[in-house]
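For reference, the structure discussed in these notes is given below.
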Amino acid sequence: ARLALWASAARKLYNTGLVWGRREVELMWQLGATEQHCTDCLFLNGQVKTNAEWQTAGIEPQSPDLECKGYGDCSLVVV
């Protein structure tokens, strides 16, 4: 059970690094393999924003502010 929590924490750190660690990169929200997604993630799926726009939005995958509380496996992908 802890391994799943560590994997989720690692994905969160990776996504945070994408949003805050690069300049002018376009990132797309991508649904993970979870069978049922929350309405927040479904709404965000496929949206492309620059990392600065994601910063301004204040939301990223594995965020506790999402309806799923960040327990899904969605990610940001560089496009």
Side-chain angles (χ1 to χ4, degrees):
R2 286 190 181 188
L3 182 58
L5 290 174
W6 292 340
S8 180
R11 279 192 303 273
K12 169 118 176 75
L13 288 173
Y14 176 78
N15 287 313
T16 299
L18 284 176
V19 171
W20 292 92
R22 297 183 180 189
R23 294 187 181 161
E24 292 304 314
V25 176
E26 288 191 329
L27 302 168
M28 180 179 68
W29 191 286
Q30 184 175 37
L31 293 178
T34 306
E35 288 184 23
Q36 294 183 347
H37 295 279
C38 73
T39 56
D40 291 334
C41 291
L42 288 172
F43 173 76
L44 293 165
N45 184 44
Q47 290 191 29
V48 177
K49 301 176 187 285
T50 65
N51 55 331
E53 290 170 329
W54 285 114
Q55 288 175 20
T56 302
I59 198 78
E60 58 190 50
Q62 287 78 48
S63 171
D65 298 329
L66 295 168
E67 182 183 358
C68 63
K69 302 296 182 207
Y71 291 112
D73 59 349
C74 296
S75 59
L76 292 173
V77 182
V78 177
V79 290

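Note: hydrogens, waters and symmetry copies are ignored here, and every other heavy atom, side chains too, is used.
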Query raised in the report: For Trp54 and Leu44, what are the C-alpha separation, side-chain angles and deciding distance, and is it a side chain to side chain contact (heavy atoms under 4.5 Å, CB included)?
Result: CA-CA 11 Å; Trp54 285 114; Leu44 293 165; 4.2 Å; yes
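- In this structure, the side chain of Asn51 does not engage the main chain of Leu27 through any donor-acceptor pair within 3.5 Å.
- Side chain to side chain, Glu26 and Thr50 fail the donor-acceptor criterion of an N or O pair below 3.5 Å.
- Connection of Phe43 to Trp29 is established within a shared hydrophobic cluster, with ILVMFWY side chains joined at heavy-atom distances below 4.5 Å, either directly or through further cluster members.
- At least one donor-acceptor pair under 3.5 Å links the side chain of Gln62 to the backbone N or O of Gly72.
- Using a 4.5 Å cut-off on side-chain heavy atoms (C-beta onward), His37 and Cys68 make no contact.
- Looking at Ser63, its side chain never comes within 3.5 Å of a backbone N or O of Ile59 through a donor-acceptor pair.
- Put simply, Leu76 and Val78 are part of the same group of oily side chains (I, L, V, M, F, W, Y) that touch within less than 4.5 Å, one to the next.
- Between Lys69 and Pro64, the closest heavy-atom pair is CD-O, 3.5 Å.
- Under the 3.5 Å distance criterion, the side-chain polar atoms of Glu67 are matched with a main-chain donor or acceptor of Thr39.
- No side-chain heavy atom of Leu31 sits less than 4.5 Å from a side-chain heavy atom of Asp73.
- For the pair Asp40 (side chain) and Leu66 (backbone), a donor-acceptor distance under 3.5 Å is absent.
- To the nearest 0.5 Å, the span separating NZ on Lys49 from CD on Gln55 amounts to 13.0 Å.
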